[in-house]
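Scroll down for the structure; my scribbles are underneath it.
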Amino acid sequence: MTKVPDGQRALVLQGGGSLGAYEAGAYQAIYERITKTDREKGENNKPFLNIVAGTSIGAINAAIIVSYVVENNTWEGSAERLNDFWEYLSKESSFEQMPGLMAWWDYLHNNVHSGIASGESARRYYSAKEFAITGVPSVFSPLMPVIDARFFDLQNIWYRFNSGPLKRSLERFAKFPIATSFDDKSSLPQPRLLLVSVDVAEGAAVTFDSYETEDGSRKSEYGKYIVQNGKEVGHKHIIRYNDGITSEHVIASASVPINYDYTTLEVESYNGNTSNYEKNIRYFWDGGIMSNTPLTQLVRLHRLYWLKVKGLRDTVPRLDIGIVNVHPVRQDAIPLDHDGVINRNNDITFSDRTEREQEALLLASDYVDLARELISIAKNHGAKENIINNLLNSKTMNHGLAMKPRKYSDILVGQCEIGNIIRVNRKNDQHTISDKVFDFSRKTIKELRESGYNNTMDLSDVEFS
């Protein structure tokens with residue numbers, strides 16, 4: 001087995017449609033900064049990243065990055081591959097082909113009333129509006145509107161998009177299936193790919209994982225942990241993908257509710273009447289509706305891998321984590337117009353909430369340290385070994401619906417240490433619009449990539465914790 005590292009590095013990428021171009025720029029800057037630091041320290045063979053986790057467009061970016069590294073056995077060139085992908089997705093809008101329009105809007109904004117949109121804001125607004133109607137050839141195409149046949153309300157029309165073009169674009173830039181392993185002896189330690197989706201009927205987050213599980217297979221288990229007649233059965237649902245993560249799994253993480261149709265996957269679900277797992281087709285949505293910044297999934301699966309697959313009993317490798325946030329948590333200006341209010345609501349809805357998760361994870365780690373110290377003190381002051389062991393081997397009172405029954409000793413093994421968490425936070429400028437996730441115009445994509453790169457390089461949008 002490959003030597004267990006003291007620490008590992010992970011990157012978390014948010015969902016946000018065309019804002020994923022900002023992540024491409026930020027990724028390039030992170031790569032350049034970290035690899036430069038590694039070279040200066042003489043750590044030329046250290047992997048740039050060990051885990052890349054993402055949701056929605058973040059899942060697509062993550063899959064392209066990991067696929068490139070696996071295919072080429074190097075991180076060098078991965079940023080260029082991601083930038084090429086975003087160049088391929090972008091399209092010149094009709095507004096961009098009429099530059100005089102921007103000057104006209106700027107004149108109104110500067111000379112008539114400041115409440116009128118600037119030329120740049122109008123360009124983004126009408127570019128996004130155009131794409132929401134006509135689609136983007138390499139991203140999505142419009143479907144026939146679904147007329148309301150339930151309430152016969154002519155205003156209740158369902159406009160949806162076909163994600164087939166995005167899937168084809170993804171497959172053009174990433175090679176599937178993606179199956180990776182820490183112990184792959186033919187190359188450098190392969191990065192782990194984690195993607196989050198949502199089972200619509202179950203209302204549960206599902207994480208697809210390119211690493212093998214305890215039994216050597218690749219699968220996702222979720223839903224209630226079933227104990228029947230005193231016998232542990234397992235989780236209610238299992239998705240198997242032993243050959244690796246497919247493009248279907250990535251698109252399942254990026255199937256935005258209402259705007260896109262469901263993604264269907266074959267799942268094995270436990271039938272209590274027959275006491276067997278039975279195959280069925282289940283429906284999945286974008287992971288962003290439950291976990292747009294999948295920090296908890298990352299930390300939990302990191303711990304489980306080293307605990308269950310690698311058999312560590314004390315402390316698993318420390319995690320240093322970078323998070324790229326494309327939806328601003330904070331904004332100084334309070335919007336007073338309809339589009340601005342929608343924009344702020346969207347940003348808050350999909351913003352990074354992981355600071356509270358981070359506090360909970362650190363608190364749990366502190367409690368483990370406390371429990372271990374109390375056990376050590378008890379032993380040093382004459383507490384009998386069998387009394388301590390009986391306590392540790394007894395079952396906990398609470399183990400959660402989606403967690404198998406555990407003993408107190410299970411809590412104290414495989415402790416996960418979180419090192420630095422660095423957040424790259426995109427900020428809205430004065431030209432922002434509510435439908436910014438639909439703006440795949442060439443100018444916007446170029447600006448997003450450049451701002452992601454520049455702001456990460458000069459640390460203007462970076463927070464350390």
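Predicted model, so just to flag it, every value in this text is computed and none were measured.
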Within the 6.0 Å centroid threshold, strictly below: [X] and [Y]:
X: F438; Y: F131; value: no
X: F284; Y: Y262; value: no
X: H235; Y: Y222; value: no

[X] with [Y]: basic N within carboxylate O range, under 4.0 Å:
X: K236; Y: E221; result: no
X: R124; Y: D429; result: yes
X: K443; Y: E92; result: no
X: R426; Y: E447; result: no
X: D320; Y: R9; result: no
X: R172; Y: D84; result: no

>> Under the rule for side chain to side chain contact (heavy atoms under 4.5 Å, CB included), what residues qualify as partners of E359, not counting sequence neighbours?
In response: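 By the side chain to side chain contact (heavy atoms under 4.5 Å, CB included) rule, E359 matches no residue at all.
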
Non-hydrogen side-chain atoms of [X] and [Y] separated by less than 4.5 Å:
X: S365; Y: I418; result: no
X: P165; Y: S138; result: no
X: P191; Y: W75; result: yes
X: I65; Y: L49; result: no

> Can you list the steps and then say if V139 with F161 is a side chain to side chain contact (heavy atoms under 4.5 Å, CB included)?
Replying inline: CA-CA 10 Å; V139 186; F161 304 109; over 6 Å; no

>> Can you tell me which residue among D209, T180, N50 is in a side-chain hydrogen bond (donor to acceptor under 3.5 Å, both in side chains) with R192?
In response: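 The passing option is D209.
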
> Per the side-chain hydrogen bond (donor to acceptor under 3.5 Å, both in side chains) rule, which among D339, N345, N343 passes with S434?
Replying inline: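 That would be D339; it is the only one of D339, N345, N343 passing the side-chain hydrogen bond (donor to acceptor under 3.5 Å, both in side chains) with S434.
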
We want to know whether [X] and [Y] form a side-chain donor-acceptor pair, criterion being a heavy-atom distance below 3.5 angstrom.
X: S255; Y: T263; answer: yes
X: N425; Y: N325; answer: yes
X: T207; Y: Q297; answer: no
X: N44; Y: D38; answer: no
X: Q14; Y: T293; answer: yes
X: S93; Y: E130; answer: no
X: D439; Y: S18; answer: no
X: W86; Y: N61; answer: yes

> What residue pairs, at least two apart or across chains, pass side chain to side chain donor-acceptor pair (under 3.5 Å) with a residue in residues 26-36?
Replying inline: Y27-S78, Q28-E32, Q28-N83, E32-Y453, K36-E40

>> I need the full list of side chain to side chain donor-acceptor pair (under 3.5 Å) pairs touching residues 104-118, with sequence neighbours left out, sorted by first then second residue.
In response: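 As it turns out, the side chain to side chain donor-acceptor pair (under 3.5 Å) pairs with a partner in residues 104-118, which skip direct neighbours, are S118-H431.
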
> When you look at NZ of K175, are more than 12 heavy atoms from neighbouring residues, nucleotides or ligands closer to it than 6.0 Å?
Replying inline: no

> Would you find more than 12 non-hydrogen atoms of other residues, nucleotides or ligands less than 6.0 Å from K129 atom NZ?
Replying inline: no

> Do D352 and R330 pass the salt bridge (charged side-chain N to carboxylate O under 4.0 Å, His left out) test, and can you show the C-alpha distance, the side-chain angles, and the key distance before you say yes or no?
Replying inline: CA-CA 10 Å; D352 181 3; R330 291 173 286 276; over 6 Å; no

> Yes or no on side chain to side chain contact (heavy atoms under 4.5 Å, CB included) for I30 and I34, after CA distance, side-chain angles and deciding distance?
Replying inline: CA-CA 6 Å; I30 293 169; I34 289 181; 3.7 Å; yes

> Which of these, E87, E80, E23, sits in a salt bridge (Lys or Arg N to Asp or Glu O under 4.0 Å) with R449?
Replying inline: E87

> Please walk me through it: do L101 and R123 pass side chain to side chain contact (heavy atoms under 4.5 Å, CB included)?
Replying inline: CA-CA 8 Å; L101 279 179; R123 183 195 68 79; over 6 Å; no

> Should the ring pair F140 and F440 be called parallel, tilted or perpendicular, given that the plane angle runs from 0 to 90° and is split at 30 and 60?
Replying inline: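 Geometry flag for F440 against F140: perpendicular rings.
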
> Under the 6.0 Å and 45° cation-pi test, does R160 pair with W158?
Replying inline: yes

